[in-house]
Amino acid sequence: MIRKTLFATGLLTATLLASTACSAQPAAGGKPFKETVVADFDSPWAMTVLPDKRMLVTEKQGQMLLVSADGKSRQTVATITVDSAGQGGLMDVVLAPDFATSQRVYFSYSTAGEGGKGVVLARGRLRANGGGGERLGEIETIFSARPFVEGNGHYSGRIAFSPDGQYLFFTNGDRQKFTPAQDPKVTLGKVLRLTLDGKPAPGNPLAAKGFAPEIWSYGHRNLLGIAFDAQGNLWEQEMGPKGGDEVNLIKPGLNYGWPNASNGSHYDGRDIPDHKPGDGYEPPKVSWNPVISPGGLMIYSGSMFPQWKGDAFIGGLSSKSLVRVDLNGTNAAKGDQWDMGARIREVEQGPDGAIWVLEDGGESQGRLIKLTAK
């Protein structure tokens, strides 16, 4: 994995502060893409595109759907028993790096168990079912967040594979409990690095210091997007409290501050110290106040929109927007913010370079929309 080092020069500090403070501006002259509604779902949460251009889509209540490329046909390939109260449900879905041969699909969901509720990581194989369709079988749970706690929020549950296909990164939210994010013994409020079988990956940076062996970074709140760029840098976005939504460059072993540092405030108005040099916490590369409520993260690598190659795209929930972030090496700055008129839960890239967005379904129709060049 490529690791970048930021040098603490005055010039760089000023540049980072400037990029964090700037505001994303609505695009002038309308949207630079054409929107085509392809399908409509019941509170969809995530999607991934298969090599043959079909799509797997998860719905909050536990259905995993296999959808044709044109959206005109679909079949339910799995129904997962989930706890869908509040922010819970069937969540992320990602193809294994060797999907072409293994047919393995990794996914996450919230469930109830001893001590309360938590997010789990599972996998299965997409196989022909003998009746002309397909199903997800051989389903097994390979990792569960620790501990399970009461409550229905901040599960996170996003999945990304390392560029070499050897490791799996999995996000565990703080479950609205604040302090677990700084607790070295639990997985809540953390980015985890696992083997493909869900075990702690060898060489994780904090295990020798007594941390839970899965932990890669800590001090996180509600991590709803994680993705690698073409240079091997790992980017993550998370919802802040009242203000302070973040995009972070994730580095091994670092503490990202929550709940001790945030560029937002508590919902009851109590102040949280802002990130500042020397506080011992890694600051975000970009933050928002007022918030965008980020949902989903994709780093664009296609050719349909060459001007955006290498940039990050984030779905905006409360902001009902699609947000672009300029990525430049290990730095980031706010780009465009387009009004989509609905809560955007997920952003993905298609094999032709089109951008796909999923509406949340809470205050919108839950539509799948394909964005193509005009």
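Just so we're clear, the structure is a prediction, and the values are computed from it rather than from any experiment.
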Could you list the donor-acceptor pairs under 3.5 angstrom formed by side chains in residues 308-317, with sequence neighbours left out?
unit_1, atom_1, unit_2, atom_2, d
D311, OD1, L327, N, 3.4
D311, OD2, R324, NH1, 2.7

Can you give the donor-acceptor pairs under 3.5 Å from side chains of residues 89-101 to other protein atoms, not counting sequence neighbours?
unit_1, atom_1, unit_2, atom_2, d
D92, OD1, R158, NH1, 3.0
D92, OD2, I159, N, 2.9
D98, OD1, S102, OG, 2.8
T101, OG1, D98, O, 3.1

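Residue L136 comes nearest to A78 through the heavy atom pair CB-CB, 3.9 Å, listed as atom of the first residue, atom of the second, then distance.
Using a 4.0 Å cut-off between charged side-chain N and carboxylate O, R270 and D268 make a salt bridge. Of the charged side-chain nitrogens involved, at least one lies within less than 4.0 Å of a carboxylate oxygen, so that R123 and D197 count as a salt-bridged pair. The pair E238-R221 does not meet the salt-bridge criterion, since no charged nitrogen lies less than 4.0 angstrom from a carboxylate oxygen. Salt-bridge formation is not detected for the pair K177/D183: no Lys NZ or Arg NE/NH1/NH2 atom is positioned less than 4.0 Å from an Asp or Glu carboxylate oxygen.
Taking the centre of each ring, F170 and Y106 stay at or above the 6.0 Å mark.
Around atom CD of E114, no more than 12 heavy atoms belonging to other residues, nucleotides or ligands sit under 6.0 Å away.
Taken from NZ in K242 to OG in S262, the straight-line distance is 13.0 Å, to the nearest 0.5 Å.
Taking the centre and axis of the six-membered ring of F41, the NZ or CZ atom of R367 falls outside the cone set by 45° and 6.0 Å.
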Salt bridge (charged side-chain N to carboxylate O under 4.0 Å, His left out) evaluation trace for E214 with R146: CA-CA 11 Å; E214 301 90 348; R146 301 189 308 274; 2.8 Å; yes
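When only modelled atom types and interatomic distance are considered, T111 and D83 share no side-chain donor-acceptor pair under 3.5 Å.
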